[in-house]
Amino acid sequence: MKQRTNQEISFRFPKGFWWGSATSATQIEGAAKEGGKGPNIWDYWYEKEPNRFFNGVGPEVTSDFYHRYKEDIALMKEVGHNSFRFSISWSRLIPDGVGEVNQEAVKFYHDVITELLIHDIEPFVNLFHFDMPLAMQKIGGWENRNVVDAYVRYAKICFELFGDRVKKWFTHNEPIVPVEGGYLYDFHYPNVVDFQRAVQVAYHTIIAHAKAVQTFKQMNIQDGKIGIILNLTPSYPRSAHPADVRAAHIADLFFNRSFLDPAVTGEYPQDLVELLREHGHLPVTEEEDKELIKQNTIDLLGINYYQPRRVKAKEHLPNPEAPFMPERFFDYYVMPGRKMNPYRGWEIYEKGIYDILINIKENYNNIECFISENGMGVEGEERFRDENGVIQDDYRIEFIREHLKWVHKAIEEGVNVKGYHLWTFMDNWSWTNAYKNRYGLVAVDLEQNEKRTIKKSGYWFKALSENNGF
Ligand code: BGP
């Protein structure tokens, strides 16, 4: 695609804007039993219950990035990346979570970083993306404070090994998701349904985060920044009725502010603490925690946005026998006329991305941030291949463009947003949905030895990045 002239660009982004994508170790690496990697909860759960995964496809091969990273990074360049977020697999680097460092893993991540830098793609590295080492889960996962210490050691090892070349670090990706999936709603291992344990897991995740930030700051890594990646699903009330507004406020406290406030401001929202106290669900804490959280706020916030959360006041009294759930305080609301992505079952509401950014500007000190994930998963994309073998994913181009218009508006209004990373570079393994929905700029053909082909959106993204706008 040709460079456009200035006049043809309607939405120009600030110089140096980060264009790229995000992914995670378990979702692309494969080689689950190779290279000395220890099992994580996904390997284990799949072995126990393969039926829980779409078409019975597990994490052992995924998109084979472990073996094909050179080809993939060259393709990243071809689709316009100047930055790329991936995660280190804790159980690959330290197979049992606490012991010896696996040198094959060190070499692998070193090589990936080198390859990215050769292509002028800045590596953004995340330390934890839903993938608890099995050995750590066996002693209680985030419920156990010893696992927090093991994680902090792991983080320190990563900073030491790669901190000379990686300057953007993230402690967690969407830390609320393992809480929801593993301890409330049964879509991650260990499939517990227990609000009190969920609260403890969430709390220890923040302690692990704050301690990793503290370690990072003590190490004084030159030009290094550390942050967290949060899925900041905005909560919209059905109406202005006070009961609806309160319902939305509580949903916001549970799902957004439980991580956003401590990470950015260093304090939990008082009304969240009160709510938990009132219902007897405060976590077990230690005295010095408050100060630790207070002192170790982030430099950079990653924002993942896919869909809004619409809520209304509860229609019925909760069943007193049912497990205590966040939904004790609100019901979900289906807005008439909403636009849907039918494959993923998620509403598409582009303005949500702007509302999040304005909230960050107004209530979170306009902290430096970027869109760290946004994207559209579509089933059966093979049917859109044209005679040249290119998947014509115009819906994805439209999805990105319509969200970017709102990001652009937020920038014009002074939000400190530095980049846009799509979910994701190439089709990858979506946890229990496996390869059902495809998100990539690059297709991975499972029928043809995982052959990679750039989709129409990939060419479009390249032009977007080269023109720094559209
Ligand atoms: C985010 C996760 C990713 C990714 C994405 C798409 O929540 O950070 O890991 O998978 O969502 O969602 P899904 O794969 O469930 O369709």
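Just so you know, ligand 1 is whichever comes first in the structure, and atom 1 is the first atom listed for that ligand. Numbering of residues begins at 1 and proceeds along the displayed sequence.
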Can you tell me the protein heavy atom closest to [atom] and the distance?
| atom | answer |
| --- | --- |
| atom 5 (C) of ligand 1 | Y306 OH, 3.3 Å |
| atom 14 (O) of ligand 1 | S430 OG, 2.7 Å |
| atom 1 (C) of ligand 1 | E373 OE1, 3.2 Å |
| atom 7 (O) of ligand 1 | E174 OE1, 2.5 Å |
| atom 10 (O) of ligand 1 | Q27 NE2, 3.1 Å |

Is N437 close to ligand 1, meaning an N/O of one under 3.5 Å from an N/O of the other? no
Is the shortest N/O to N/O distance between R344 and ligand 1 below 3.5 Å? yes
Show which atoms of ligand 1 fall inside a sub-4.0 Å distance from at least one heavy-atom site of [X].
| X | result |
| --- | --- |
| W346 | 12 (O) |
| N173 | 8 (O) |
| H129 | 2 (C), 3 (C), 8 (O), 9 (O) |

Counting the benzene-type ring for Trp, do [X] and [Y] have ring centres under 6.0 Å apart?
| X | Y | value |
| --- | --- | --- |
| W431 | F187 | no |
| W142 | Y151 | yes |
| H129 | W90 | no |

Between the candidates W431, Y439, W429, which shows the shortest non-hydrogen contact distance to atom 16 (O) of ligand 1? Y439
Any side-chain donor near an acceptor of the partner, E29 and Y69, under 3.5 Å: no
Residues 178-191 vs salt bridge (charged side-chain N to carboxylate O under 4.0 Å, His left out), sequence neighbours excluded, gives R52-D186
Looking at residues at least two apart in the chain, or sitting in another chain, which of them share a side chain to side chain donor-acceptor pair (under 3.5 Å) with K48? none
Go through K77 and D72 one step at a time and tell me if the salt bridge (charged side-chain N to carboxylate O under 4.0 Å, His left out) criterion holds. CA-CA 9 Å; K77 192 70 203 172; D72 289 337; over 6 Å; no
Is it the case that the side chain of S465 and the backbone of F461 share a donor-acceptor pair, with hydrogens and angles ignored and the cut-off at 3.5 Å? no
